[in-house]
Amino acid sequence: MPIDFFKQFISPPTLTTPRLILRKILPQDANDMFSYASRQDVTAYLLWSPHPDLAYTVKYLKYVQGEYKKGRFFDWAIILAETERMIGTVGFTELDRVNMTAEIGYVVNPDYHGMGIATEAVSAVIGYAFCELKIERVEARYMVGNTASLRVMEKCGMKKEGILRSLMEVKGIRRDIGICSILKNEYFANKKQSEF
């Protein structure tokens with residue numbers, strides 16, 4: 001019987017890595033989220049615009065709680081275990097139960113860039129997708145020009161499949177979108193190799 005993705009995320013499981021705790025996003029994360037979600041440099045390559053004020057973030061997190069309850073929200077807060085500070089989010093932007101595929105997305109506070117945080121968080125979510133949800137394919141997309149995001153995907157074992165030219169209009173600009181993916185058999189083959 002197929003796993004019910006949506007029930008899994010009504011109360012998403014906590015995932016841990018050497019430096020991170022991935023847990024449900026909570027209302028009390030508002031200040032930490034606003035500290036990066038309000039920045040222009042964070043949203044330059046994202047579909048959403050900077051949060052204009054803390055009240056907007058609080059309202060957004062209230063909305064998120066409702067979406068969790070409906071089983072329609074698939075993100076984790078990225079918590080730096082050492083400080084217990086929320087420094088970003090990671091999760092699935094899409095889960096396709098029919099084809100057993102998933103698309104992953106992530107954002108990390110720029111104050112923590114260059115530390116391998118995104119790679120660590122994304123790797124944990126990819127592992128969860130293949131080992132727990134029994135997904136067959138995980139993909140991720142990036143706006144051309146966002147080389148840092150592409151590097152994260154490649155470090156997580158994803159292969160670049162190509163560029164979808166002028167795929168989206170984002171904030172009034174036509175954007176080329178790159179796509180990378182990793183298949184279940186590739187993930188387990190990589191995992192087996194890393195054990196030797």
Side-chain angles (χ1 to χ4, degrees), residues 1-17 20-81 83-112 117-118 120-135 137-143 149 168-171 177:
M1 185 174 177
I3 291 170
D4 190 333
F5 295 152
F6 309 106
K7 283 184 179 176
Q8 292 270 317
F9 284 90
I10 289 173
S11 182
T14 298
L15 310 180
T16 58
T17 71
L20 307 174
I21 300 165
L22 307 184
R23 61 145 169 84
K24 183 178 182 178
I25 302 169
L26 301 170
Q28 54 262 41
D29 295 321
N31 285 314
D32 287 343
M33 177 177 276
F34 181 69
S35 71
Y36 67 83
S38 58
R39 294 174 57 162
Q40 196 76 40
D41 57 338
V42 168
T43 62
Y45 290 108
L46 300 176
L47 300 179
W48 46 277
S49 297
H51 291 196
D53 50 45
L54 182 58
Y56 182 94
T57 306
V58 170
K59 185 177 179 182
Y60 171 71
L61 290 179
K62 186 177 180 181
Y63 162 79
V64 164
Q65 304 314 302
E67 292 299 284
Y68 274 132
K69 287 177 184 174
K70 297 171 189 171
R72 294 197 310 219
F73 193 74
F74 316 114
D75 271 7
W76 287 268
I78 301 173
I79 308 298
L80 193 61
T83 62
E84 298 185 357
R85 185 180 184 197
M86 180 206 190
I87 58 170
T89 60
V90 62
F92 302 110
T93 57
E94 187 175 334
L95 284 169
D96 182 341
R97 188 179 177 188
V98 174
N99 295 300
M100 298 302 286
T101 61
E103 183 179 337
I104 200 168
Y106 46 91
V107 60
V108 173
N109 186 325
D111 294 346
Y112 298 88
I117 297 290
E120 194 170 320
V122 170
S123 293
V125 172
I126 289 173
Y128 178 78
F130 289 127
C131 297
E132 302 300 326
L133 298 182
K134 311 304 181 188
I135 291 289
R137 167 192 163 96
V138 175
E139 67 179 49
R141 298 182 180 211
Y142 65 95
M143 290 186 200
S149 191
M168 303 172 73
E169 183 170 324
V170 182
K171 302 166 192 169
I177 305 297

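Along the sequence shown, residues carry numbers from 1.
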Approximate separation, where rounding is to 0.5 Å, of I104 CD1 and E94 CD: 13.0 Å
What closest approach, in Å, do P52 and F34 show between heavy atoms, and which atom pair accounts for it? C-CE1, 4.2 Å
Backbone of Y63 reached by a side-chain donor or acceptor of E67 within 3.5 Å: no
For T57 and H51, does a side-chain donor sit closer than 3.5 Å to a side-chain acceptor? yes
Mind checking the OH-OH spacing from Y45 to Y142? Nearest 0.5 Å is all I need. 11.5 Å
Can you see which heavy atom on P50 is nearest to which on S38, and at what distance? CB-O, 3.5 Å
Could you walk me through whether V90 and L22 pass the side chain to side chain contact (heavy atoms under 4.5 Å, CB included) check? CA-CA 8 Å; V90 62; L22 307 184; 4.0 Å; yes
How far apart are the closest heavy atoms of A30 and V58, and which atoms are they? CB-CG2, 3.9 Å
More than 12 foreign heavy atoms under 6.0 Å from CD of Q40: is that the case here? no
Quick one: are M86 and L80 in side-chain contact, heavy atoms under 4.5 Å? no
Identify the heavy atoms of K24 and I10 that sit nearest to each other, and give their distance. NZ-O, 4.0 Å
Can you confirm whether more than 12 heavy atoms, excluding those of Q28, are under 6.0 Å from its CD atom? yes
Worked check of salt bridge (Lys or Arg N to Asp or Glu O under 4.0 Å) between R137 and E139: CA-CA 7 Å; R137 167 192 163 96; E139 67 179 49; 2.8 Å; yes
Atom NZ of K171 with >12 non-hydrogen neighbours under 6.0 angstrom: yes
Under 6.0 Å between ring centres, would you say that holds for Y128 and W76? yes
Residue list, ring-ring contact (aromatic ring centres under 6.0 Å, His included) with Y36, at least two apart or on another chain: none
Are D111 and R39 ion-paired here, with the side-chain N under 4.0 Å from a carboxylate O? yes
Would you mind reporting whether I87 and D32 have side-chain heavy atoms less than 4.5 Å apart? no
Flag the pair R85 and D29 as a salt bridge only when some basic side-chain nitrogen lies within less than 4.0 angstrom of an acidic carboxylate oxygen. no
So do R23 and P12 actually touch side chain to side chain, heavy atoms under 4.5 Å? no
Just so I know, are the side chains of F74 and Q8 near enough to count as touching, which here means a heavy-atom distance under 4.5 Å? no
Restricting to non-hydrogen atoms, name the atom on V107 and the atom on I78 that form the minimum distance, rounded to 0.1 Å. O-CD1, 4.1 Å
Which heavy-atom pair separates S49 from T43 by the least distance, and what is that distance? C-CG2, 3.9 Å
For Y112, I'd like to know if atom OH has over 12 heavy atoms of other residues, nucleotides or ligands within 6.0 Å. yes
Check for a donor-acceptor pair, side chain of Y106 on one end and backbone N or O of S149 on the other, with a separation under 3.5 Å. yes
Check whether any side-chain heavy atom of M143 lies under 4.5 Å from a side-chain heavy atom of L47, and answer yes or no. yes
Determine whether L133 and L95 make a side-chain contact, defined as any pair of heavy atoms from C-beta on separated by less than 4.5 Å. yes
Can a donor-acceptor pair be found between the side chains of Y68 and S11 at a distance below 3.5 Å? no
